[in-house]
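These notes concern the structure reproduced below.
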Amino acid sequence: MLESLRTALVRAKGRAAIRMTGGARRPGEPPIVRPRLPFLGHALAMGRDLTALLRECQREHGDVFTLLVAGRRMHFVCDPHSYPHVLKAQDNLTFHEIGQEIGTRAFGYFEPPPGPDYDELERYYHDHLKNAALGPLTSRMEERLRVAFDRFAGDDWQDEGLFDFSARVIFAAGMETLYGEGIADAAALRDFQRTDRWFPLLAAGVPAGAFPGLLRARERLLARVDRMRPDASAFIRARDLLLARMTTPRNRQHLQVGILWASQANTLPAAFWSLAHLLCDPHGRAAVVAEVEERGFADLKRLPKLFSSICESLRLCSESLTIRLVGRDCELGLADGRSIALRAGDRVALCPQLMHRDPEIFADPERFRFDRFLSEGGGPRQFSKRGQRLPIPLMPYGGGVSMCPGRFLANNEVMQFAGLALTRLEIELSEPSLPPLDKTRAGLGVLSPTRDIRCRIRRRPARTAVNAAS
Ligand code: HEM
């Protein structure tokens, strides 16, 4: 009795030590970067500038180290050659629980129970967001973008914030492509932005009830996506019908709002940066405009310069973490032949932003070069580190089991947005350089600018309009 009490006390003390300071390091485990603040650990420094913190730790401790984040041990694997080792270790490293936790915290939904219906729900991403299904979505997006550009830009010059303008256009077109015409008015964008603003805190575990304005905005979005609209995309309609069979009406609404967030939250800032980078690069802009003018939008694969410039923008503005939960005590082999010991309950994280800004991989990494991802043979451009080709040099969409299922649609949307904006509009920036990234959302996807950038915009007069885009 006394013995088991003592064991329980020792275990509780061990757990408390881990939550406060990371606990003792066991043989084979990565070095622990001891935090200054107990429990919160490195969470605040991560919120200030994640990449700077990781770079500093990497310099001091090498390519693998452990940080304490809100009471959890998080092992960062920073050598990009080891990324596939983490992504493929699916027997020991899982994502499902992490995805569920974030979904419940941020959007208030609970996952429907496992079973054949659930597997079908997961398959919908594959059946409706890629391959043959992409054609109708992409055509619809182009049509809705043209309508949105006409709605938000006139024949006379108007002063605008470029971020604000881009968000209005891409939100209206993207939401209407998925959910149906007329659904994305100004109030919908406001409600979306209200819920998005609090996403980092919700994902970190602050209860939604702490933000009454958020709850009201969420309630209005739930009502907005509630109606099963006949002109919604096949993806949304199919999910609606399946969810109606699997879960409560209320939970169905929450799950559909989750998809709304996923489809917009990164696309808005990505669209802004893709356009802004090209506007600041006269050579890149001219090359992309000439390509679009010559080839049009009928086949986006025939626009490699535009595609390369979108990849380059994503390289510079995306800062997502790919996180896995360690299911049981195990060893993880790395690319250099070493193994690290992992404990059940720990987390393993990849931060592709370190790779994206590594000068050994991308020369002059802070500079936007529209043709960086253009290869002479037309295939994907190869990049290497330490003389070895990198298997995944660009990772704005995450990787492995949690890789963004909307990535093909997202690439197409951003290409169409930037290509149409440059060929249908005249845009003059009032400032020569772009604002810095807002690092407070680092780890959660594409970052917004710290402030908007002023510009003036008008529709391109008819005689100078570019043929392909008119
Ligand atoms: C430039 C735009 C986009 C970027 C950069 C982006 C990036 C990401 C990333 C990094 C993740 C998480 C991966 C992880 O945790 O490992 C994700 C998840 C997801 N994305 Fe995207 N995304 C974009 C647009 C879209 C679009 C247009 C859709 C359309 C429906 C979409 C649907 C989703 C969904 C449903 C998930 C959750 C998947 C899951 O939990 O298993 N995304 N996205």
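Start at 1 and go down the list; that is how both ligands and their atoms are numbered. Quantities reported herein were computed from a predicted structural model and do not represent experimental measurements. In this chain, residues are counted from 1 in sequence order.
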* To do: Determine, considering heavy atoms only, which of Gly399, Ser402, Ala262, Gly398 sits nearest to atom 13 (C) of ligand 1.
  => Ser402

* Structure fact -> The atoms of ligand 1 lying under 4.0 Å from a heavy atom of Val446, numbered in the order shown, are 5 (C)

* Asked: For ligand 1, which atoms have a heavy atom of Ala270 less than 4.0 angstrom away?
  -> 1 (C)

* Rounded distance (nearest 0.5 Å) linking atom CE of Met395 with atom OH of Tyr83 -> 6.5 Å

* To do: Using a 4.0 Å heavy-atom threshold (strictly under), name the region of Val401 that reaches ligand 1: side chain, backbone, both or neither.
  => neither

* Asked: Which residue owns the protein heavy atom closest to atom 41 (O) of ligand 1, what's the atom, and how far is it?
  -> Phe95 CE2, 4.3 Å

* Tell me yes or no: between the side chains of Arg285 and Ser309, is some donor less than 3.5 Å from an acceptor? => no

* **CZ on Arg454 to CG on Leu429, rounded to 0.5 Å** => 11.5 Å

* **Exceeds 12 heavy-atom contacts within 6.0 angstrom, atom NE2 of His283** => no

* Decide if the gap between the ring center of Phe107 and the ring center of His254 is smaller than 6.0 angstrom. => no

* For ligand 1, which atoms sit closer than 4.0 Å to a heavy atom of Thr267? -> 2 (C), 24 (C), 27 (C)

* Asked: Purely on distance, is any nitrogen or oxygen of Ser263 under 3.5 Å from one on ligand 1?
  -> no

* **Asn411 and Tyr397: side chain donor to acceptor below 3.5 Å** => yes

* Asked: So which heavy atom in the protein is nearest atom 11 (C) of ligand 1, and how far is it from that ligand atom?
  -> Cys404 CB, 4.1 Å

* **Contact atoms of ligand 1, heavy-atom distance to Tyr125 under 4.0 Å** => 35 (C)

* Any N or O of Pro405 closer than 3.5 Å to N or O of ligand 1 -> no

* May I ask you to list the atoms of ligand 1 that are less than 4.0 angstrom from any heavy atom of Ile259? => 35 (C)

* **Side chains of Glu101 and Thr104, donor plus acceptor under 3.5 Å** => no

* Heavy-atom contacts with Ser320 under 4.0 Å: which atoms of ligand 1 show up? List them by number with element. => 10 (C)

* **Closest approach of Arg239 to Leu255 (non-hydrogen atoms, all atoms of both residues)** => NH2-O, 3.5 Å

* Nearest to atom 7 (C) of ligand 1 by heavy atom, Leu129, Leu314, Asn266, Leu350: which? -> Asn266

* How long is the gap from CG on Leu137 to CD on Glu142, to the nearest 0.5 Å? -> 13.5 Å

* **Per-atom contacts, ligand 1 versus Pro396 - under 4.0 Å to a heavy atom** => 5 (C), 7 (C), 10 (C)

